[in-house]
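Here the structure comes first, spelled out in structure tokens, and everything after it is commentary.
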Amino acid sequence: VSQGVREKLDFAENVLACAKTLAEEPDMERAIRRMLSQVVEFYQGDRAYVFEPGIDGKELWNNTYEWCREGVSRQQENLQKVPAAVMGRWMKSFAEGQSIQIPNLDDLRESDPQEWQMLHDQGIRRVIAVPIHRDGQLIGFLGVDNPRHCMTDDALIRMLCLFVVNRFNRNR
């Protein structure tokens, strides 16, 4: 089987596995964490997470779900009540339905030193993050840190966001 066909098959298998997890796992937190572990495995990343706005609106954002590969330090506790202003470029892109793709963090060192420092302090060298929208409103984002496979392809996590929204709606 060619490399391209193998990658497409892997992609389809991962979408199916994640969708199945989100549909069948009764516990929301367990479902999201299992889905995040599958995202990390597909992208061969270090960490995957979901951020949602705090209960007080969209000014403060929380890392509500996180899954880390063994040996990777958790950041969830450090990423609570993050001001939207700190993630201004990300929020603007997400509001427009665009993803954030940083294939090389060092490219931001000069252009956006604050963003570079925040990501660098977490051990992030590459990142893909995509918005989660419901009824045209930004309700969160899903990201993966340090992907080593499909480093600039957000197709899998973009598709998974649709399943995540469906699960959020079901839980509501």
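One-based numbering along the sequence shown. No hydrogens, no waters, no symmetry mates; every other heavy atom, side chains included, goes into these values.
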Inset, instruction - Taking the side chain as every heavy atom from C-beta outward, state whether Ser37 and Val40 have any atom pair closer than 4.5 Å. - result: no
Inset, instruction - Kindly indicate whether the side chain of Tyr49, heavy atoms from C-beta on, has any atom under 4.5 Å from the side chain of Asp145. - result: yes
Legend entry - From CG (Leu142) to OH (Tyr65), nearest 0.5 Å: 12.5 Å
Inset, instruction - Provide the closest heavy-atom pair for Ala31 versus Thr21 in the form atom of the first, atom of the second, distance. - result: O-CG2, 3.4 Å
Legend entry - Contact check, side chains of Trp116 and Asp106, non-hydrogen atoms, under 4.5 Å: yes
Legend entry - Closest approach of Met91 to Leu138 (non-hydrogen atoms, all atoms of both residues): SD-CD2, 4.2 Å
Legend entry - Ion pair Asp46/Arg148, N-O distance below 4.0 Å: yes
Legend entry - Interatomic spacing from CH2 in Trp67 to CE in Met35 - rounded to 0.5 Å: 12.5 Å
Legend entry - Reported CD1-to-CE distance for the pair Ile124 and Met118, which is rounded to 0.5 angstrom: 7.5 Å
Legend entry - Glu41/Arg69 salt bridge by N-O under 4.0 Å criterion: yes
Legend entry - Same apolar cluster: Leu160 and Ile128, side chain cutoff 4.5 Å: yes
Legend entry - Exercise: identify the closest heavy-atom pair between Ser99 and Ser93: O-CB, 4.5 Å
Legend entry - From Phe51 atom CZ to Ile139 atom CD1, the distance as rounded to the nearest 0.5 Å: 15.0 Å
Legend entry - Glu66 CD to Gln75 CD distance, which is reported to the nearest 0.5 Å: 6.5 Å
Legend entry - Nearest-0.5 Å distance that lies between atom CD1 in Ile55 and atom CG in Leu60: 10.5 Å
Inset, instruction - Say whether Val127 and Met87 are linked into one hydrophobic cluster, either directly or through other cluster members, by side-chain heavy-atom distances under 4.5 angstrom. - result: yes
Legend entry - Side chain proximity check, Glu52 to Ile132, heavy atoms < 4.5 angstrom: no
Legend entry - Transitive ILVMFWY side-chain link Val50 to Leu79, under 4.5 Å: no
Legend entry - Any Phe141 side-chain heavy atom under 4.5 Å of Ile100 side chain: no
Legend entry - Side-chain heavy atoms of Val144 within contact of Arg47, under 4.5 Å: no
Legend entry - same_hphob_cluster(Tyr43, Val164) at 4.5 Å side-chain heavy-atom cutoff: yes
Inset, instruction - For Asn62 and Gln80, work out which heavy atoms get closest and say how close. - result: CB-OE1, 3.3 Å
Legend entry - Heavy-atom neighbours of Glu59 CD exceed 12 at 6.0 Å: no
Legend entry - Heavy atoms from other residues, nucleotides or ligands near NE2 of His120 exceed 12 (cutoff 6.0 Å): no
Inset, instruction - Give a yes or no on whether Leu105 and Val82 share a hydrophobic cluster (residues Ile, Leu, Val, Met, Phe, Trp, Tyr; joining criterion: side-chain heavy atoms under 4.5 Å apart). - result: yes
Inset, instruction - Could you name each residue pair satisfying side chain to side chain donor-acceptor pair (under 3.5 Å) that touches residues 81-92, not counting sequence neighbours? - result: Arg89-Glu115, Trp90-Glu115, Lys92-Glu96
Legend entry - Least distance between heavy atoms, Gly97 atom then His133 atom: CA-CE1, 3.9 Å
